[in-house]
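Structure first, commentary second.
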Amino acid sequence: MKKLVLIDGNNVVYRAFFALPLLSNNQGMYTNAVYGFTMMLMKVIEEEQPTHLLVAFDAGKTTFRHETYKEYKGGRQKTPPELSQQFPLIHQLLDAMAIKRYELDNYEADDIVGTLARKARNEGFDVRIVTGDKDYLQLVDEDVRVSLIRKGITDTVDYGVEKVRERYGIEPREVIDLKGLMGDASDNIPGVPGVGEKTAIKLLKQFKTVEGVYDHIDEVSGKKLKEKLELNREQALLSKRIATIDNDSPVTVTTESCAYTHEFNDQLKDLFRELGFQSLLDKLDANGSEKNETEAVAISVHTVSEFSSKQLVSPSALIVQMLDENYHYGAINGFAVANNTGTYFIETEHALKDERFCKWLEDPEKKKVLLDSKRAEVALKWRGISLKGISFDARLATYLIDPSEAGQDLALLATKRGISNIETDDAFYGKGAKRKIPEEDGQAQHLGRKAAALLQLEPKLIQELDENKQKKLLFDLELPLARVLAKMEFTGIKASGETLIAMGDELDRTLDIIEHDIYLMAGVSFNINSPKQLGEILFEKLMLPPIKKTKTGYSTAADVLEKLRGRHEIIDRILDFRQLGKLKSTYVVGLLKVIHPKTGHVHTCYNQALTQTGRLSSTDPNLQNIPIRLEEGRKIRKAFLPSKEGWQIFSADYSQIELRVLAHIADDENLKQAFIDGMDIHTKTAMDVFGVEKDEVTSLMRRHAKAVNFGIIYGISDYGLSQNLGITRKDAARFIEKYLQSYPGVQHYMESIVKKARSEGYVTTLLNRRRYLPDINSRNFNSRSFAERTAMNTPIQGSAADVIKKAMILMDQRLNEEKLKSRMLLQVHDELIFEVPDQELETMSRLVPEIMEHAIQLSVPLKVEHSFGPTWYDAK
DNA sequence: TGATTCACGC
DNA sequence: GACGTACGTGAATCAA
């Protein structure tokens with residue numbers, strides 16, 4: 001079906017201008033109307049998917065309507081210069097998007113639209129008109145619909161024939177009669193004075209047209225009304241004529257010339273950049289591959305049921321397609337291979353039966369380029385196949401090049417680098433509930449294209465890494481680490497369902513009691529888990545003082561409730577309820593759901609290409625946030641066990657790794673000496689900040705000092721520190737200042753790293769991990785401050801992540817070399833968890849700290865503490 | 001389905 | 001002087 005979308009350019013631009021505040025770009029050029037217009041345009045394109053598109057503009061000042069009625073559009077405010085400046089930009093925009101625009105001397109946009117709508121409808125088009133002008137409703141018929149902008153710019157209501165009848169009680173073609181009678185103040189059309197919408201509609205229902213009204217003027221009820229009508233007969237007929245859109249204007253464009261290709265050229269990006277439309281630029285990038293869908297050229301993908309040896313050469317790009325997020329359980333949809341002999345697709349079932357293919361997968365000499373190699377490796381491990389020869393991972397590479405842009409679909413990564421002809425998975429398979437696997441041939445084509453794109457992508461990414469001096473980081477750190485993580489995830493950690501169920505039952509009993517108590521104290525039962533309901537009870541029924549508000553109402557967060565302690569006994573109970581409820585829902589019920597029915601282990605997924613600092617994250621389940629601080633929660637750890645009898649859970653953690661890294665990076669003599677001397681770092685900080693001797697440090701001073709250290713590591717603001725400690729912001733700022741005076745090296749580091757970020761646009765870690773900070777020069781104080789704190793914090797946290805990642809690789813190597821049975825199971829940022837047979841405890845107690853402490857040589861010693869026990873709980 | 005709020009870890 | 005404040009994941013609620 002051909003679909004033509006016609007847009008009244010002038011009308012939409014005007015609306016956009018008045019709907020949005022007067023935005024301007026960094027050169028002081030006004031951009032609000034362009035921005036609003038573009039938003040509308042993109043929305044319409046996305047929703048309507050037009051095959052043809054045209055934007056009509058008014059030409060000049062006078063039109064044929066002025067010849068009939070020279071007061072037409074009289075009394076209008078002159079177009080503000082802030083707006084007229086923007087029209088050339090809009091023309092540029094349309095040209096860059098290859099969208100037809102048109103104006104015609106002596107005619108208005110609506111005549112162009114009306115004429116083209118009629119033509120197109122007769123040629124079998126589905127026509128859609130976008131405007132804010134109700135006059136257009138006269139054009140509505142079975143094939144022509146009008147999207148009327150209601151308010152703002154993107155909020156529209158669609159009018160078909162039925163909708164016009166429903167809204168006005170008249171036929172679309174009677175809209176001109178309506179205008180004839182009631183007039184239109186905005187166009188200075190008089191109509192019949194004293195006749196408004198209500199009366200006009202009543203008349204038209206009876207007489208259909210203006211002419212009808214006058215033909216049967218005697219039948220009009222109401223003496224006054226009849227008088228008014230008779231008095232303004234000519235004016236009414238004239239008004240109708242002026243309101244009538246000329247659908248036979250001498251337009252010189254054909255419908256075919258409005259063909260819209262969904263293409264845009266590079267000028268569009270340049271234009272967006274010039275205008276400062278960052279969000280639209282992002283959108284463009286995000287939609288880029290979908291746009292290319294229409295121009296995607298079919299490539300030759302050979303669907304095979306088995307491979308020949310000639311086809312499986314090295315290097316090859318390999319796609320192991322899975323739609324399920326969780327690769328431990330998910331199905332493989334199919335495989336695609338691309339290399340210099342061609343591009344191939346093979347169904348999963350055939351692939352796994354194809355001995356030659358499986359051998360190839362396991363052959364370390366056959367180099368393979370993947371996207372998210374760990375996903376493929378683990379999925380194949382579950383099928384008894386040991387994927388080897390992984391030479392490149394585009395996911396990890398793009399993560400190192402710019403962590404904020406990793407995680408994107410291959411289509412986007414490729415398009416950005418000039419490799420088009422590929423769709424996003426979301427576009428191909430559909431997203432959310434609409435996701436489905438299309439017929440095999442379509443998928444073969446899609447996956448084949450992905451593999452081909454991946455093959456082309458590799459050298460480009462390697463070059464980018466090289467320019468960043470990040471090749472070692474990829475090939476010696478992240479890529480080997482992925483293999484280690486794959487092993488850890490596949491091994492999993494044994495979890496006792498029985499233990500969890502018993503804890504759950506116990507929690508249920510306690511929760512029941514607490515819930516009852518709360519209802520009793522509140523005098524009413526309600527949903528304690530609903531912050532809204534809880535807020536009403538606490539701050540309205542019980543009249544407690546609301547300390548803080550959220551966007552939607554009262555805040556009931558723990559720090560608020562903490563301050564209300566003692567005001568009412570219900571507070572403690574609510575805090576208990578929250579704490580235990582969390583344990584039950586997240587840690588008992590949640591973990592039970594993810595114990596593998598066959599292995600009895602939980603298999604987490606580490607995301608190695610997500611965090612902006614270089615840390616790992618853990619999902620399904622998250623094993624990096626198992627409770628430890630409060631005893632009730634810590635007991636959850638009793639459910640994590642070694643997988644065999646006579647084994648122990650062994651835990652080793654870095655002591656103060658971030659502060660040691662800081663001492664090294666900042667090269668701060670005082671801080672370095674503290675670590676060399678093996679001092680308790682928080683006590684040392686307290687001594688320096690409060691200017692006291694070691695034995696004068698009170699526990700409060702140490703607590704405050706600890707919070708300051710915490711703030712340094714995490715890059716929190718003085719406000720954040722004041723919240724943490726419950727002190728004023730001023731005092732918090734004073735602490736920080738005192739701290740920096742005591743550690744001048746740190747102070748110097750903080751200043752120079754921010755400078756570096758400003759000039760380079762990014763900061764780096766010990767192993768050359770990068771994080772870009774686009775806000776570092778922002779004029780917005782908040783954005784800039786945040787970027788500055790990030791600049792200070794990321795090298796610290798990120799370098800610590802580098803250290804433990806290196807340690808993991810060395811640890812894995814050593815376990816292999818020494819043929820130890822011990823297995824690495826988990827990583828929790830500064831901690832490694834193993835399971836260890838009793839007879840290896842001694843070796844591991846020596847080996848693990850040794851390796852971790854010397855993973856990377858710093859100018860201060862690294863310290864590792866370890867322990868073991870029959871459960872994770874006991875390894876403390 | 002997505003936004004909001006809350007809570008857990010480092 | 002206001003701004004809205006380390007990084008993550010997950011559950012529950014609520015409004016579309």
Side-chain angles (χ1 to χ4, degrees), chain A residues 325 403 431-435 526-535 548-562 574-591 593-594 604-607 610-630 632-634 636-637 653-659 707 709-724 729 732 771 775 778-798 800-801 804 826-831:
Chain A
E325 271 300 301
K431 50 186 163 188
K434 278 182 278 183
R435 171 149 283 194
F526 63 102
N527 187 343
I528 308 168
N529 279 322
S530 163
K532 194 171 156 229
Q533 293 181 35
L534 179 62
K548 202 164 66 175
K549 277 194 157 184
T550 64
K551 266 178 256 180
T552 50
Y554 308 110
S555 168
T556 64
D559 61 324
V560 170
L561 299 189
E562 205 67 45
I574 289 166
L575 287 166
D576 287 345
F577 184 86
R578 284 251 179 92
Q579 189 206 336
L580 300 182
K582 174 79 177 175
L583 291 179
K584 168 78 192 193
S585 67
T586 304
Y587 296 106
V588 174
V589 179
L591 277 173
K593 273 191 272 201
V594 293
T604 187
C605 296
Y606 286 108
N607 196 331
L610 183 139
T611 71
Q612 300 304 298
T613 54
R615 279 186 171 182
L616 301 176
S617 81
S618 156
T619 55
D620 288 314
N622 181 352
L623 292 181
Q624 292 183 320
N625 71 344
I626 303 300
I628 187 163
R629 284 173 46 234
L630 301 169
E632 297 96 311
R634 191 172 197 154
I636 295 286
R637 296 179 173 227
D653 66 290
Y654 283 106
S655 157
Q656 305 298 348
I657 186 166
E658 282 96 353
L659 288 175
N709 281 329
F710 176 85
I712 297 288
I713 292 167
Y714 290 129
I716 62 174
S717 57
D718 50 4
Y719 181 88
L721 180 62
S722 73
Q723 291 296 301
N724 266 340
R729 188 180 173 155
R771 181 174 186 178
D775 286 342
S778 166
R779 281 166 303 283
N780 178 305
F781 175 81
N782 277 320
S783 313
R784 192 177 62 246
S785 303
F786 187 35
E788 286 169 0
R789 294 203 302 277
T790 309
M792 304 181 216
N793 155 256
T794 296
I796 304 172
Q797 214 186 98
I804 193 162
L826 303 174
Q827 188 250 44
V828 191
H829 307 307
D830 64 354
E831 179 185 11

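Proteins get letters first, then strands, A, B, ... in listed order; numbering begins at 1 in each.
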Measure [atom1]/[X] against [atom2]/[N] and give the value in whole Å, please.
X        : N      : atom1 : atom2 : value
A/Asn709 : C/dA6  : CG    : C1'   : 15 Å
A/Arg578 : C/dT13 : CZ    : P     : 12 Å
A/Ile716 : C/dG4  : CD1   : C1'   : 13 Å
A/Lys551 : C/dC3  : NZ    : P     : 13 Å
A/Gln579 : C/dG10 : CD    : P     : 21 Å
A/Arg729 : C/dA2  : CZ    : P     : 9 Å
A/Lys584 : C/dG10 : NZ    : P     : 19 Å
A/Asp830 : C/dA6  : CG    : P     : 20 Å

Could you tell me whether the side chains of A/Ser778 and A/Arg784 share a donor-acceptor contact shorter than 3.5 Å?
no

Are side-chain N/O atoms of A/Arg578 and A/Thr556 paired as donor and acceptor at under 3.5 Å?
yes

Leading and trailing nucleotides of DNA chain B with any atom under 4.0 Å from heavy atoms of chain A
B/dT1 to B/dC10

So if I take residues 620-627 of chain A and measure heavy-atom distances to DNA chain B, which residues fall below 4.0 Å?
A/Gln624, A/Asn625, A/Ile626, A/Pro627

For [X], report the nucleic acid contact type (base, sugar-phosphate, nothing); a contact means any heavy atom under 4.0 Å.
X        : result
A/Asn793 : nothing
A/Ser555 : sugar-phosphate
A/Thr556 : sugar-phosphate
A/Leu583 : nothing
A/Phe781 : base
A/Gln723 : nothing
A/Gln612 : sugar-phosphate
A/Leu610 : sugar-phosphate
A/Ser785 : nothing
A/Asn527 : sugar-phosphate

When the P atoms of B/dT4 and C/dG4 are compared, how many Å lie between them, rounded to an integer?
14 Å

Within the side chain of [X], is there an N or O that forms a donor-acceptor pair under 3.5 Å with the backbone of [Y]?
X        : Y        : answer
A/Thr619 : A/Pro621 : no
A/Gln656 : A/Tyr654 : no
A/Thr790 : A/Asn793 : no
A/Ser618 : A/Leu623 : yes

Residues A/Glu632, A/Arg637: salt bridge by 4.0 Å N-O rule:
no

Would you say the side chain of A/Arg629 lies within less than 4.5 Å of the side chain of A/Arg634, judging by non-hydrogen atoms?
no

Side chains of A/Leu630 and A/Gln579: closer than 4.5 Å at any heavy-atom pair?
yes

Can you tell which of [options] lies closest to the side chain of [X]?
X        : options              : answer
A/Ser617 : C/dG8, C/dG10, C/dA6 : C/dG8
A/Ser585 : C/dG4, C/dA12, C/dA6 : C/dA12
A/Thr611 : C/dC7, C/dA15, C/dA6 : C/dC7

Would one find a side-chain N or O of [X] under 4.0 angstrom from OP1 or OP2 of [N]?
X        : N      : value
A/Thr586 : C/dG10 : no
A/Ser530 : C/dC14 : yes
A/Arg615 : C/dC7  : no

Which of A/Val589, A/Val594, A/Val588 passes side-chain contact (heavy atoms from CB on, under 4.5 Å) with A/Leu591? It is A/Val594

Can you tell me the Watson-Crick or wobble partner of B/dT5, both distances under 3.5 angstrom?
C/dA11

Rounding to 0.5 Å, atoms OG1 (A/Thr604) and CG (A/Asn622) come to a distance of 6.5 Å

